[in-house]
Amino acid sequence: EVQLVESGGGLVKPGGSLRLSCAASGFTFSNYNMNWVRQAPGKGLERVSSISSSSSYIYYADSVKGRFTISRDNARNSLDLQMNSLRAEDTAVYYCAGGILTDVFAIWGQGTMVTVSS
Amino acid sequence: QSALTQPASVSGSPGQSITISCTGTSSDVGDYNYVSWYQQYPGKAPKLMIYEVSNRPSGVSNRFSGSKSGNTASLTISGLQAEDEADYYCNSYTSSNTLVFGGGTKLTVL
């Protein structure tokens with residue numbers, strides 16, 4: 001079964017850090033471009049960060065540039081998002097999503113909630 | 001980069017056809033055939049329904065179709081069913097090498 005499973009979400013104070021992880025199974029992870037897409041409560045979707053299959057290309061939305069770091073380990077079929085200097089506006093469900101075609105999110109995880117609040 | 005414009009809501013009766021529009025600019029929808037559509041049920045992850053304007057992934061019903069004219073892309077659902085009631089989001093590649101989403105459309109099946 002094709003699956004992405006996120007973990008690492010939770011409640012953190014403003015200025016704090018959190019590391020999200022995404023475990024992939026059921027497909028050839030190393031062939032897929034991977035992304036983190038978030039959705040604030042009651043809002044739409046926003047692509048936060050992307051990493052190409054070989055990690056040669058990395059993208060960050062302006063809203064997280066300099067604070068978030070995406071990485072992947074193809075040997076472990078895993079994707080991570082290190083989030084530092086968190087702000088209230090980072091509060092959202094964070095989805096791990098992947099696809100062979102660039103910017104096409106064919107596979108999605110169930111999401112993990114990140115709440116930034118004092 | 002401004003978000004793509006979608007109607008906040010659309011509705012239709014079972015069996016009818018509905019169309020959801022997604023309006024951008026000549027710097028995104030109008031200039032690239034890289035428009036995707038996603039379906040999302042409340043509390044669930046989005047699901048890819050259409051990519052590259054009109055391509056359907058394996059397993060997606062052929063009742064779903066996509067098209068584009070100028071700066072506006074469209075998702076059409078024919079033979080509307082109760083299970084189609086969900087939120088729908090479009091996105092497009094942009095000339096700034098980014099991806100922009102629409103604000104989402106809530107589809108109600110009457």
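Lettering follows sequence order; numbering is per chain, from 1. The basis for the numbers below is simple: all heavy atoms, side chains too, and nothing from hydrogens, waters or symmetry mates.
When hydrophobic clusters are built by joining Ile, Leu, Val, Met, Phe, Trp and Tyr residues whose side-chain heavy atoms come closer than 4.5 Å, directly or via intermediates, V60(B) is not grouped with L48(B). A continuous path of Ile, Leu, Val, Met, Phe, Trp and Tyr side chains, each step under 4.5 Å between heavy atoms, connects I77(B) with W37(B), placing both in one hydrophobic cluster. With hydrophobic clusters built from ILVMFWY side chains whose heavy atoms lie under 4.5 angstrom apart, I70(A) shares a cluster with V64(A). Linking Ile, Leu, Val, Met, Phe, Trp and Tyr residues whenever their side-chain heavy atoms come within less than 4.5 Å leaves V37(A) and L20(A) in two separate clusters. The hydrophobic clustering, which links ILVMFWY residues whose side-chain heavy atoms are closer than 4.5 Å, places V114(A) and Y95(A) apart.
Side-chain contact between Q39(A) and Q40(B) is present, with at least one heavy-atom pair separated by less than 4.5 Å. Between L101(A) and E52(B) there is a side-chain heavy-atom pair separated by less than 4.5 Å. Between F105(A) and N91(B), the closest side-chain pair of non-hydrogen atoms falls below 4.5 Å. Looking only at side-chain heavy atoms (C-beta outward), Y38(B) and W108(A) come within less than 4.5 Å of each other.
Heavy-atom distances place no part of Y34(B) under 4.5 Å from chain A, backbone and side chain included. For I107(A), no part lies near chain B; criterion is any non-hydrogen pair under 4.5 Å. Using a 4.5 Å cut-off between heavy atoms, N97(B) contacts chain A through both its backbone and its side chain. In this structure, chain A has no heavy atom under 4.5 Å from any part of P57(B).
Chosen from D103(A), V93(A), D62(A), L45(A), the residue pairing most often with chain B at heavy-atom distances under 4.5 Å is L45(A).
No more than 12 heavy atoms of other residues, nucleotides or ligands lie within 6.0 Å of CZ in R76(A), so this atom counts as exposed by the packing criterion.
Among all heavy-atom pairs drawn from A45(B) and G109(A), the shortest one is CB-O, 3.1 Å. Of all non-hydrogen atoms in G44(A) and Y89(B), the two that sit nearest each other are CA-CE2, 3.6 Å.
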